[in-house]
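FYI, side chains are in, hydrogens and waters are out, and symmetry mates aren't considered; it's all heavy atoms of this structure. None of these values were measured; they are calculated from a predicted model. Note on naming: letters A, B, ... go to the chains in the order of the sequence lines (proteins, then strands), and numbering restarts at 1 for each one.
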Amino acid sequence: MPELPEAETIARALHSALAGRALRGVDLRRRDFLKTGSPRRLRGLAGRRLEAVSRRGKSVVFEFAGARLVLQLGMSGRVQLARPGRRPPPHTHLVLAFAGGWEARCVNTRRIAAGAHVLAGEELGPLAGLGPDADGIGPDDFLARLAGRAAPVKAALMNQTILAGVGNIYSDEALFRAGLRPTRRVRDISRAALLRLHAALRAVLAEAIAAGGSTLADSTPFAGAEGELGYFTLSHRVYGRYGQPCLECGTTLRRAVIGGRSSTYCPRCQR
DNA sequence: CATTTCACCTGGTGGC
DNA sequence: TGCCACCAGGTGAAAT
């Protein structure tokens, strides 16, 4: 599912293909995909120049002069960068047409937690209340934001107000690398172990972003092929491997449900 | 406030 | 082969 690295990869690809181009047309194909702002305001973006595409947490941000369009990818969000004319894929809910003949097609199959937000000026919309981005946070800030919490460390990592961008996949991977059981309460974890977790999280995210970058280099959406932006495979060590042997010690990986999310961990390597 | 739980939605899977 | 129950999970609102 799209978390920080996937959103980063999408934002970078869109930025290199589209930054500097004028938005020519907006096609909102599913009205309820627009969560903040009116369709009128959305259409009002047409004619403006796209200054940049960036990322905040798990969201992709189209930056226009005086306004922003925030795209929440949710559970199953993808963006297809394509030439107009060809039929958009099923579940295409919003199409942004740019000068130079590129369309950014926002595709969502499971319509959960996904949507677009048109923000004027300094308006924050869904970005309000987000903690600092997980790929840039330093060890001191990380410790300060987590310190003393009663929540299970897995839940704390996925709490977007504490730290933005981490979801089920990368929290599982970071906890495995740090040797921490996802059910452990943060306040019971030593400072040294939390520092290990910080380092593990930063490393996992950096590797995933690099993997996304290499995927981009292969798919070259700018070369004319239809570019599906959104997913790539970093080889996961625990995520989704419930019931299979741990790659470090061979113990069968177990599953725990935390905050309604299933988490996979090694009962021997993670304490 | 912090924390926990639940609804939302659809495609893929696995059992029969 | 076909049917259907079940699962996945990001977000925000509601409950504790």
Side-chain angles (χ1 to χ4, degrees), chain A residues 1-11 29-37 55-61 70-80 88-94 106-117 119 123-131 133-135 143-175 182-189 201 205 208 228 230-231 233-234 236 238-244 253-265:
Chain A
M1 313 309 121
E3 299 179 30
L4 187 154
E6 290 77 19
E8 178 70 27
T9 298
I10 292 171
R29 298 163 63 96
R30 190 177 170 111
R31 165 69 210 254
D32 65 5
F33 186 68
L34 186 62
K35 310 294 184 188
T36 304
R55 176 199 56 77
R56 179 78 170 93
K58 301 170 187 174
S59 294
V60 173
V61 184
V70 174
L71 185 63
Q72 289 185 298
L73 300 167
M75 265 290 290
S76 56
R78 291 177 292 127
V79 178
Q80 186 186 62
H91 308 292
T92 299
H93 297 151
L94 174 64
C106 307
V107 184
N108 269 106
T109 47
R110 301 170 211 185
R111 300 182 288 109
I112 290 193
H117 306 254
L119 308 177
E123 211 179 335
L124 287 174
L127 306 181
L130 286 183
D133 276 310
D135 64 328
L143 285 178
R145 299 187 69 86
L146 285 164
R149 296 204 176 248
V153 61
K154 165 86 173 176
L157 283 179
M158 293 196 297
N159 181 334
Q160 303 299 297
T161 67
I162 298 176
L163 204 62
V166 181
N168 208 18
I169 297 175
Y170 296 103
S171 57
D172 265 11
E173 293 300 311
L175 287 164
T183 48
R184 280 274 294 281
R185 293 190 179 276
V186 176
R187 65 181 175 206
D188 297 335
I189 299 174
L201 180 61
L205 294 175
E228 285 287 345
Y231 300 99
T233 41
L234 175 75
H236 307 308
V238 283
Y239 175 78
R241 296 192 64 248
Y242 165 66
Q244 297 177 45
L253 298 179
R254 284 196 203 151
R255 182 170 60 167
V257 175
I258 300 157
R261 293 290 157 273
S262 84
S263 176
T264 304
Y265 67 97

Novice: Looking only at heavy atoms, which two atoms of A:T183 and A:P152 are closest? And how far apart?
Specialist: O-CB, 3.9 Å
Novice: In Å and rounded to the nearest 0.5 Å, what is the CG to OG distance from A:D172 to A:S262?
Specialist: 7.5 Å
Novice: Taking only N and O in the side chain of A:S76, is any of them less than 4.0 Å away from OP1 or OP2 of C:dG9?
Specialist: no
Novice: Rounded to the nearest angstrom, tell me the gap between atom CD in A:E3 and atom P in C:dA8.
Specialist: 15 Å
Novice: Expressed in angstrom and rounded to an integer, what is the separation of A:I162 atom CD1 from B:dT3 atom C1'?
Specialist: 10 Å
Novice: Classify the ring geometry of A:F33 against A:H93: parallel below 30°, tilted from 30° to 60°, perpendicular beyond 60°.
Specialist: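 Tilted.
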Novice: Need one value for A:P90: base, sugar-phosphate or nothing, where a base atom within 4.0 Å counts as base even if backbone is also close, heavy atoms only.
Specialist: nothing
Novice: Sub-3.5 Å donor-acceptor pair from the side chain of A:Q244 to the main-chain atoms of A:L253, do we have one?
Specialist: no
Novice: In whole angstrom, what separates A:R255's CZ from C:dC6's P?
Specialist: 14 Å
Novice: When you measure from the side chain of A:R55 to the backbone of A:G57, do you find a donor-acceptor pair of N or O atoms at a distance under 3.5 Å?
Specialist: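 Between the backbone of A:G57 and the side chain of A:R55 there is a qualifying donor-acceptor contact (under 3.5 Å).
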Novice: From C:dA8, C:dG10, B:dT3, pick the nucleotide closest to the side chain of A:M1?
Specialist: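 Nearest listed nucleotide: C:dG10.
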Novice: Using a 4.0 Å heavy-atom cut-off, write out nucleotides 11-16 of chain C from 5' to 3' as B (base contacted by protein), S (sugar-phosphate only) or - (no contact).
Specialist: BS----
Novice: Check A:P90 against A:V107 and note the closest heavy-atom contact, atom names and distance.
Specialist: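 Reported closest heavy-atom pair: O-CG1, 3.4 Å.
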Novice: When rounded to the nearest 0.5 angstrom, what is the spacing between CD in A:E173 and CG in A:N168?
Specialist: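 Going from the CD atom of A:E173 to the CG atom of A:N168 covers 10.0 Å.
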Novice: Can you check the A:I258 CD1 to C:dG10 C1' distance for me, whole Å?
Specialist: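 To the nearest whole Å, that distance equals 16 Å.
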Novice: With 3.5 Å as the limit, what N/O pairs link the protein to nucleotides 11-14 of chain B?
Specialist:
unit_1, atom_1, unit_2, atom_2, d
B:dG11, OP1, A:H91, NE2, 2.9

Novice: Does A:D188 offer a backbone N or O that forms a donor-acceptor pair with the side chain of A:R184 under 3.5 Å?
Specialist: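 Yes; at least one donor-acceptor contact below 3.5 Å.
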Novice: In this structure, how many angstroms lie between the C1' atom of B:dC9 and the NZ atom of A:K35, rounded?
Specialist: 11 Å
Novice: Under 3.5 Å, side chain of A:Q72 to main-chain N/O of A:A116, donor-acceptor pair present?
Specialist: no
Novice: Classify A:R187 by what it touches in the nucleic acid, base, sugar-phosphate, or nothing, heavy-atom distance under 4.0 Å.
Specialist: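 No contact at all - A:R187 keeps every heavy atom at 4.0 Å or more from the nucleic acid.
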Novice: How close or far is atom C1' of B:dC9 from atom CZ of A:R30, stated in whole angstroms?
Specialist: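 The distance from CZ of A:R30 to C1' of B:dC9 comes to 10 Å, rounded to the nearest Å.
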Novice: Nearest whole Å is fine: how far is B:dT3 C1' from A:L146 CG?
Specialist: 15 Å
Novice: Quickly work out the A:N159 CG to B:dT5 P distance and round it to whole Å.
Specialist: 15 Å
Novice: Students often get this wrong, so: under 4.0 angstrom with heavy atoms, is A:R145 touching a base, only sugar-phosphate, or nothing?
Specialist: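 No contact.
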Novice: With respect to the phosphate group of C:dA8, does any side-chain polar atom (N or O) of A:Y239 fall under 4.0 Å of OP1 or OP2?
Specialist: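 For A:Y239, the contact criterion (side-chain N or O under 4.0 Å from OP1 or OP2 of C:dA8) is not met.
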